[in-house]
Every structure is written in structure tokens, then in C-alpha cells.
Number of protein chains: 2
Amino acid sequence: MKQITKYIIKNSLKRIFLYRACLVRLRLMGVEKVFSYTLANETGVTSEQVRKDFSEFGIKGNKRGGYDINDLLEKMEKIFHRNKDHNLVLIGMGNLGLALSKYSKFVQRNMNIVATFDIDPFKQKQRSDIPVYSMDRLKEIVDRFRVKVAILAVPEISAQEVADKLIRHGIKGIVNFAPVLLKVPQDVIISNVNLCDELESVIYYVHKQIKVDGLKNLELLYKDMKY
Amino acid sequence: MKQITKYIIKNSLKRIFLYRACLVRLRLMGVEKVFSYTLANETGVTSEQVRKDFSEFGIKGNKRGGYDINDLLEKMEKIFHRNKDHNLVLIGMGNLGLALSKYSKFVQRNMNIVATFDIDPFKQKQRSDIPVYSMDRLKEIVDRFRVKVAILAVPEISAQEVADKLIRHGIKGIVNFAPVLLKVPQDVIISNVNLCDELESVIYYVHKQIKVDGLKNLELLYKDMKY
DNA sequence: TATATTTTGTGATTTGTTTCACATCAATTT
DNA sequence: AAATTGATGTGAAACAAATCACAAAATATA
Ligand SMILES: NC(=O)c1ccc[n+]([C@@H]2O[C@H](COP(=O)([O-])OP(=O)(O)OC[C@H]3O[C@@H](n4cnc5c(N)ncnc54)[C@H](O)[C@@H]3O)[C@@H](O)[C@H]2O)c1
Ligand SMILES: NC(=O)c1ccc[n+]([C@@H]2O[C@H](COP(=O)([O-])OP(=O)(O)OC[C@H]3O[C@@H](n4cnc5c(N)ncnc54)[C@H](O)[C@@H]3O)[C@@H](O)[C@H]2O)c1
């Protein structure tokens, strides 16, 4: 049965990503060990929160000794399946799609856009290093590269239709840039990125002059946001 | 004092945006009245949640009669300061910046990118309808157009430096696309958009075959996500 | 006008998340 | 070897968010 799947990254997972980025930086600087309060300082949370988050993901340090950075990163890579490569497809090679197809950080993080797709034959001329195919080659590519996750950058009006097609061909997760709530089967993960909403809420909060910061900020805080 | 400002849109605010999009669609279809359970159905939440959210933002309906769509949208416009225009600047006219500068939905929602900026003189040739200036004209433009919110699409390495400059010139809110935690004064709102993290978490959840859906989905749910 | 019906609005309750407080362990010092 | 120190890990407590349950209000019906 198809239904609206609202999917929001859990805050603890968001924080884990922050810790990881921080650990990568520290390792680059030659640091080998880290304490929960170091990570806490760098990421604007409390040290208990760091330890609780780690414990949620089954990560253990050594008492008194803190955490070994290499060890920690290795465990995280396993948790996030970063030891394997992940093949992605990108649908819609318009303004946004083109930018995304050129974004090098995806590759650095083992996520490869193996092909992009567009209905517009004009766009199907190679626009970046990655080939641009017409939609009728979707199944072939998805099967060949065992693609499970897609990036959807088509206009609002086509988003549902394209999502349906993706799912028919075996896609299980979609990062959706179109400002619509997609109706999908229960086992499909949808992450909606809505830049207008993002901007509007910044404007909203700027107008209220309210914010959340690392050093837990006052009564206004919990009235209006969560972290 | 500068510090890490972690800012996450409150879920109730996210839902309000969903309701609004839905109301706009309904109005377009000629519908005039709406009940909490209609909105709930369309957005994948419960009707109590809709009413609680409305009450948080001080929105009242009429018992038995539901809500008047025009009235509701008007109230929301006021809450989100959508009756006025909001001028924005966009810094970094690379791949992503160019795409964003061409995004028409911002204007449709009363958010105007009045100018874009880049240090690269090559990019300073007009790349879209909006002018591309060098950074030394930032202050002039921000002052002239009373800009309070900026979109930051520069490389990771320059993000903090550019953010500092923006804030010196009076910017109070930033939507940041660079994958770094910016250190800013307490009264500045930062919203981080991290596409890699977004993709990685979809991959993570796809691997776990876990999802949240509108019809509250069992034990697996609360173990891993929140909505 | 009285009664039934429908939908809102909100206290009370449940569920989830963060912070607190401290036992536990490992390393260092005496 | 014992005492001290400094960090982790985790139940308990505090806090926040979502759901439940129902009174109150508005409308429809008899
Ligand atoms: N441009 C931005 O910065 C931006 C920002 C946020 C969100 N978005 C959203 O991302 C989506 C794409 O935006 P854009 O600015 O790149 O639009 P665009 O019009 O430039 O590109 C859309 C592309 O999708 C293709 N397309 C249309 N229907 C298709 C179909 N059925 N199958 C395959 N391809 C199809 C078109 O040919 C076009 O190339 C939109 O939903 C938009 O709202 C864009
Ligand atoms: N391209 C994408 O799809 C994408 C996706 C997610 C996140 N991002 C992030 O967004 C940012 C921009 O990405 P991009 O792909 O557009 O990069 P890019 O290199 O194409 O563009 C960056 C632009 O910023 C300009 N710039 C550099 N330093 C500057 C400074 N000090 N002041 C003003 N302008 C400066 C450069 O001249 C360039 O035009 C990066 O932080 C990237 O990680 C990009």
C-alpha cells in the first residue's frame, strides 16, 4: 500500500555525522585519541550526549583512556556501510541536478552517481562527467549497478510519477528535492530536502531573534526548537 | 562571543509548512473549508497533531465548522512574515550557487535574491538574471536592500571566513551548504544543509529497512527515528 | 426548542529524549 | 600495593513531544 512516508533523520544520527566529520579532521591533524568532551566542544553538545549517542550505536571507548580515533572511525564506517561503495542514480538534469552531478564530496564518501537521467533529449547530451540517459534505460542501469538509492531533482509536477517508476525498478530510498510529499510503499525511505522551507524558517527565527546554541540557551529555547 | 550554533527546525514548524503547502493546493482546487483530519490525511499525521500545532501558533478554527482556508493562510502568512518581501544575498556562484540563483520558487514565496557574490572575477560575469558582484560590494548591497539572511554556497575552507564577514555587515541568518559547523555570535541563526549526510542516512535506513510512516509503524519506529 | 451530531481545543497520560549523578574501571601517583 | 585521579557508561530524574480522551461549542435535525 502506498502512503505518505515522513522520514526525518533522528537527531542522534545527525550528531553521529557531526562527530565523524570532527574525527576525520582530528585524524588529519595527527591526533590519535579523543575524549567525549573534546567531541562535545567541537560539535556544540554535552559530553554525556556524546557518550549516550555512542552507546546507542554500540560504540565503546576505554575508561580513562577515551576513544581511539581510528578505531572509532572504523566502527562508524561499518555502521554506515561506508566500507562498501554505494551506487546512486540522479533523475532530472536541470539546474539543480547538474550541480549535484558535479559535487565531488559524494564520491569522497563512497557514493557514486553511476548515471543520470532526463526526459529532455537536449539534456541527454553529456552535461558533466557522468552520462545522461533517457528514462527508458533506467531499469537496465539500476539492475546492472544494483542501485538502491536515487536522487530526485525533477519538477514538482513529475516527482510522484518518477518516484513510482523508480520504486517499480527496485529503488528503496529517495532523496527528494521536489517540494511534494511522495506517496510510496511502506518499505521505501524518503528524505525530503525543501530549501524554501529551510529559508523560510531561518527568516522566521531571525524575526523572533531566537536560537539554540551549544551552551544551552535559556527559556526561549525549548519553546521554539529542539536539538 | 562566537560559538557553535546548532539550529534545527522544530518539527512542529516543519509540519506547519506541510499544512500550508497542502492548503495552497486545496485553495487552488477551489476548496474553501478544511477539517483537521483532511490536513492530517494529506500530510501523514494525526488530526490531533494538526490541532495541537495550530494551537501552538495561536491559530483557531471554529468548532464543527473546521477551518476557513483563506483565513488560515492569511494567519500563516502573518506568522511567517510572508506579507513582506525578504531580500537575500547568495555568496558563491559555483555549481550549487548558480542552480540556487535560478530557482524560481524563492521569488514565488516572496524571497528575492537581490544579488550574488563571488571572489572569482570569472564568475562575476553575469551568470544568471541576478547580478554577480565581487565581495567588496557586499556591505553596500546588504545596507541598501536591508538584507538580513544569506545563502552560503562557498567551499568548506572559506565558509567560516565568509560567514564572519556577512555577520560583520549585519546578516542575522545563514542557510549554510558547506559541510562545516560555523562559529557565530549567539544571535545569529544558522541552518545547515548537508546533502552528503542526507544521502548517507537514507542509505543507512535503507540498509536497515526501517521507516516511519503516517500510520504509526510499530516497534522498529521509535528505536530509530522521530517525526 | 430539544436532541443528536460533528468537530474543535486542551488537560491528562504516555512515550521519547536529554541531563544528572554516580558506580566503575583504568591509568598514574605516592 | 594502596590511594588518587580522570574518564567512561548507564540507571534515575527531569524534561519535552505526541497521543488519548473527552468537554465544549457549533451546527443540523426532529
Ligand atoms: N534549482 C534549485 O536550486 C532548486 C532548489 C531547491 C529545490 N529544487 C527543486 O528541484 C527540482 C528540480 O529543480 P531545477 O531547478 O533543477 O528544475 P529544472 O526545470 O531546471 O530541471 C528539471 C529537470 O527534470 C527533467 N524532467 C522533467 N520531467 C521529467 C521526468 N518525468 N523524468 C525525467 N526527467 C524529467 C527536465 O527535463 C529538467 O531537465 C524541482 O522540483 C525544484 O522545485 C530546485
Ligand atoms: N555542488 C553541489 O551540488 C553541492 C551539494 C551540496 C553541498 N555543496 C557545498 O556547497 C558549497 C559550494 O559547492 P559548489 O559545488 O558550488 O562549489 P564550487 O567550487 O563550484 O563553487 C564555489 C564558489 O565559491 C566561490 N568562492 C570561493 N571562496 C570564496 C570567498 N571567500 N568568497 C566568495 N566566493 C568564494 C568560488 O569562486 C566558486 O565560484 C561547498 O561547500 C559544497 O561542499 C555543494
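Note that these values count all heavy atoms, side chains included, but never hydrogens, waters or copies made by symmetry. Just so it is clear: chains get the letters A, B, ... in the order the sequence lines come, proteins before strands, and each one is counted from 1.
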TODO: Using only side-chain N and O atoms of Arg51(A), determine if any of them is under 4.0 Å from OP1 or OP2 of dA7(D).
DONE: no
Open item on the list: Counting only side-chain nitrogens and oxygens, does Lys60(A) get under 4.0 Å of the OP1 or OP2 atom of dT10(D)?
Closed with: yes
Open item on the list: Check whether Asn112(B) reaches the backbone of Val114(B) with its side chain - one donor and one acceptor, N or O, closer than 3.5 Å.
Closed with: no
- [ ] Nearest-nucleotide wise, let me know which of Lys52(A) and Asn62(A) is further upstream toward the 5' end of DNA chain C.
- [x] Lys52(A)
Open item on the list: Using OP1 and OP2 only, check whether a side-chain N or O of Tyr67(B) sits under 4.0 Å from dG9(C).
Closed with: yes
- [ ] Would you mind telling me which residue lines up with the more 5' stretch of DNA chain D, Gly65(A) or Glu48(A), judged by nearest nucleotide?
- [x] Gly65(A)
TODO: For dT8(C), take OP1 and OP2 only and decide whether either is under 4.0 Å from a side-chain N or O of Arg64(B).
DONE: no
Open item on the list: Mind checking if Ser47(A) touches a base, just sugar-phosphate, or nothing, with heavy atoms under 4.0 Å?
Closed with: nothing
- [ ] Kindly check if the number of other-residue, nucleotide or ligand heavy atoms within 6.0 Å of NZ (Lys78(B)) is above 12?
- [x] no
TODO: Using modelled atom types only, decide if a donor and an acceptor are shared between the side chain of Asp53(A) and the backbone of Ile16(A) within a distance under 3.5 Å.
DONE: no
Open item on the list: Looking at Glu77(B), I want to see if its CD is surrounded by more than 12 non-hydrogen atoms of other residues, nucleotides or ligands under 6.0 Å.
Closed with: yes
Task: Under-4.0 Å side-chain N/O to phosphate OP1/OP2 contact, Ser55(B) with dG9(C) - done: no
